[in-house]
Amino acid sequence: MGNILLAHESKTVRATLKTYLKPAHKVLEASDSEAAWHLLVLHNDLNAVIAGPDLGMSSGMSLLERVRRNALLRLKQMPFYFIGSETRIAELAEDAEKAGANGFLHTGMKRQEVLDILKLREATLPPRNAPKAAPEAVAKAIEAKKSSSKRAIRTGLIESAPMSPKLFEEAVSRQYSVPGQKGAILCCAIANYPTLVKNLGKSTAANIASKLTKLAQTRIGSSDIISLYAPGVFTISTVGGTLPACEKFASQLKKNLASSKIVVHGAPLSISIVSAFAAIPEDGALSGKELLELAKRRLLEIVRNAKQGAKK
């Protein structure tokens, strides 16, 4: 693979990878995104990047996007790998692949595991100045690359959103760990979920909630995250989002549900949602955990009031 840039906030992670890669490869180090970028521009002999998800005030994703949209083919086509904890990599894997990441490593992998993944990736890349491969060979290389990607992600990781509640909570804490970070959290609940469980059973009701969550997922931004957080409840975190934007999103989703025809066991089904929001800075300088708890409390209050209103 040649010379490699290690971009990671942790000295320990960089030192460990360095011992894995030397002496076969020359290794340059950076602890933040800007330093990594300067090294990439200045060193024409760099052949690959291994970066952490978080790089100072920026991120590994930002560095990847910067590399992929560069006019220089040397940078634009440079192999780019992410390394991080299993939960962190699971969080970004789908978006990272779409942005052009070549592979994923876990902190804690043994030397041979790291080298195996790098070799799998390297095997799919043609040598520099090599003659163009025949169409069949190119097709096989692409399939091999996709296959190796799936193997890398499946080693103990979830493959796609919606996130689990625990992973969602961890991700929210990281999203709002920077002081002054703006954003919003939206909590939505199926208003008649207990009735669905009573009439259709837990399994069917859970399946309806899952499909609704996936419907919402198709309408959120690429940097937003979503979780089927509790039975009949899904939660969205949107960094940089605002209360008006959340209200508009929830309103549009309600309209879509009202106009859609949902049939279960041959009978039409009516589904409505209730929603609650919390945002920074509107609700103060909150942590990610506090923001999520506030949105959850507001949703619970709305659900309770709706139940009391129905009893009267």
Side-chain angles (χ1 to χ4, degrees), residues 1-93 95-97 99-130 141 144-145 148-149 151-153 155-157 174:
M1 181 171 284
N3 302 329
I4 299 173
L5 170 63
L6 299 181
H8 203 285
E9 284 187 313
S10 170
K11 287 183 180 180
T12 303
V13 172
R14 296 201 308 271
T16 301
L17 276 175
K18 202 169 182 178
T19 60
Y20 288 177
L21 298 170
K22 279 190 168 185
H25 309 284
K26 176 184 174 182
V27 178
L28 297 182
E29 298 180 56
S31 60
D32 61 71
S33 185
E34 280 305 309
W37 178 252
H38 290 152
L39 289 173
L40 282 168
V41 172
L42 292 172
H43 292 267
N44 294 329
D45 57 349
L46 282 170
N47 300 100
V49 181
I50 301 176
D54 305 297
L55 293 172
M57 295 299 289
S58 186
S59 67
M61 279 292 292
S62 297
L63 181 62
L64 171 60
E65 290 165 356
R66 198 172 182 180
V67 167
R68 289 293 178 255
R69 65 172 177 258
N70 195 272
L72 290 174
L73 286 180
R74 176 180 69 82
L75 294 178
K76 190 169 185 155
Q77 298 179 355
M78 185 172 293
F80 196 110
Y81 303 81
F82 277 103
I83 182 167
S85 68
E86 290 192 4
T87 54
R88 193 71 176 97
I89 292 298
E91 177 187 318
L92 62 77
D95 286 341
E97 280 207 319
N102 295 89
F104 305 93
L105 308 170
H106 308 158
T107 50
M109 276 184 167
K110 302 299 182 184
R111 180 177 185 272
Q112 194 54 53
E113 291 178 293
V114 170
L115 296 181
D116 284 347
I117 289 177
L118 295 178
K119 285 178 181 178
L120 279 170
R121 295 294 180 173
E122 186 179 15
T124 68
L125 299 173
R128 291 185 178 183
N129 302 321
K145 185 173 181 179
S148 64
S149 168
R151 285 197 295 273
I153 297 174
T155 52
L157 301 182
R174 280 190 291 268

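Just so it is clear, the model here is predicted, and its values are computed rather than measured.
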Peer 1: How far apart are the closest heavy atoms of F104 and A93, and which atoms are they?
Peer 2: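 Smallest interatomic distance, heavy atoms only, reads CZ-O, 3.5 Å.
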
Peer 1: Looking only at heavy atoms, what is the nearest atom pair of L92 and P53, with distance?
Peer 2: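 Taking every non-hydrogen atom into account, CD2-CB, 3.4 Å.
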
Peer 1: What verdict does the side chain to side chain contact (heavy atoms under 4.5 Å, CB included) test give for D45 and K26, after you've listed the backbone C-alpha separation in whole Å, the side-chain angles of each residue and the deciding distance to 0.1 Å?
Peer 2: CA-CA 10 Å; D45 57 349; K26 176 184 174 182; 3.6 Å; yes

Peer 1: Atom CZ of F80 and atom CG of N102: how far apart are they, to the nearest 0.5 Å?
Peer 2: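 Going from CZ on F80 over to CG on N102, the span is 9.5 Å.
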
Peer 1: Would you confirm whether H8, through its side chain, and S10, through its main-chain N or O, come within 3.5 Å as a donor-acceptor pair?
Peer 2: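 Such a contact is found between H8 side chain and S10 backbone.
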
Peer 1: Compare all side-chain heavy atoms of T107 with those of R88 and state whether any distance is below 4.5 angstrom.
Peer 2: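 Result no, sub-4.5 Å side-chain heavy-atom pair not found.
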
Peer 1: Which is it for L40 and M78 under the side chain to side chain contact (heavy atoms under 4.5 Å, CB included) test, yes or no, and what are the steps along the way?
Peer 2: CA-CA 10 Å; L40 282 168; M78 185 172 293; 3.6 Å; yes

Peer 1: What is the minimum heavy-atom distance between A30 and L39, and which atoms define it?
Peer 2: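 For A30 and L39, the tightest heavy-atom pair comes out as CB-CD1, 4.0 Å.
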
Peer 1: Can you measure from CE (M61) to CG (L55) and round to the nearest 0.5 angstrom?
Peer 2: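 Those atoms lie 12.0 Å apart.
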
Peer 1: If you take all heavy atoms of L64 and A99, which pair is closest and at what distance?
Peer 2: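 Closest pair (atom of L64, atom of A99, distance): CD2-CB, 3.7 Å.
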
Peer 1: Return the set of residues passing side chain to side chain contact (heavy atoms under 4.5 Å, CB included) with K18 (not counting sequence neighbours), or none when no residue passes.
Peer 2: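 Applying side chain to side chain contact (heavy atoms under 4.5 Å, CB included) to K18 gives L6, K22, V27, E29.
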
Peer 1: Nearest heavy-atom pair of V41 and R74: which atoms, and what distance?
Peer 2: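 Where V41 meets R74 most closely, the heavy atoms are O-NH2, 3.6 Å.
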
Peer 1: Do I117 and L105 pass the side chain to side chain contact (heavy atoms under 4.5 Å, CB included) test, and can you show the C-alpha distance, the side-chain angles, and the key distance before you say yes or no?
Peer 2: CA-CA 8 Å; I117 289 177; L105 308 170; 3.8 Å; yes

Peer 1: Heavy atoms, side chains only, cut-off 4.5 Å: are W37 and L75 in contact?
Peer 2: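 When only atoms from C-beta onward are counted, L75 and W37 do touch, with a gap below 4.5 Å.
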
Peer 1: If you measure from CE on M109 to CG on D116, what distance do you get to the nearest 0.5 Å?
Peer 2: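 Answer for the CE-CG pair, M109 versus D116, is 9.5 Å.
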
Peer 1: Which residues satisfy the side-chain hydrogen bond (donor to acceptor under 3.5 Å, both in side chains) test with E65, sequence neighbours excluded?
Peer 2: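 Checked E65 against side-chain hydrogen bond (donor to acceptor under 3.5 Å, both in side chains); zero matches.
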
Peer 1: With a 4.5 Å limit on heavy-atom distance, are the side chains of H43 and N3 in contact?
Peer 2: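 No. Closest side-chain heavy atoms not under 4.5 Å.
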
Peer 1: When you look at L17 and I4, which way does the side chain to side chain contact (heavy atoms under 4.5 Å, CB included) test go after all the steps?
Peer 2: CA-CA 11 Å; L17 276 175; I4 299 173; over 6 Å; no

Peer 1: Supply the atom-to-atom distance Y20 OH to E113 CD, rounded to the nearest 0.5 angstrom.
Peer 2: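 Between atom OH of Y20 and atom CD of E113 there are 8.5 Å.
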
Peer 1: Would you call I83 and V114 a side-chain contact if the rule is heavy atoms closer than 4.5 Å?
Peer 2: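 A side-chain contact under 4.5 Å is absent here.
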
Peer 1: Which atoms form the tightest heavy-atom contact between R68 and G100, and what is the distance?
Peer 2: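 Here R68 and G100 meet closest at NH2-O, 2.9 Å.
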
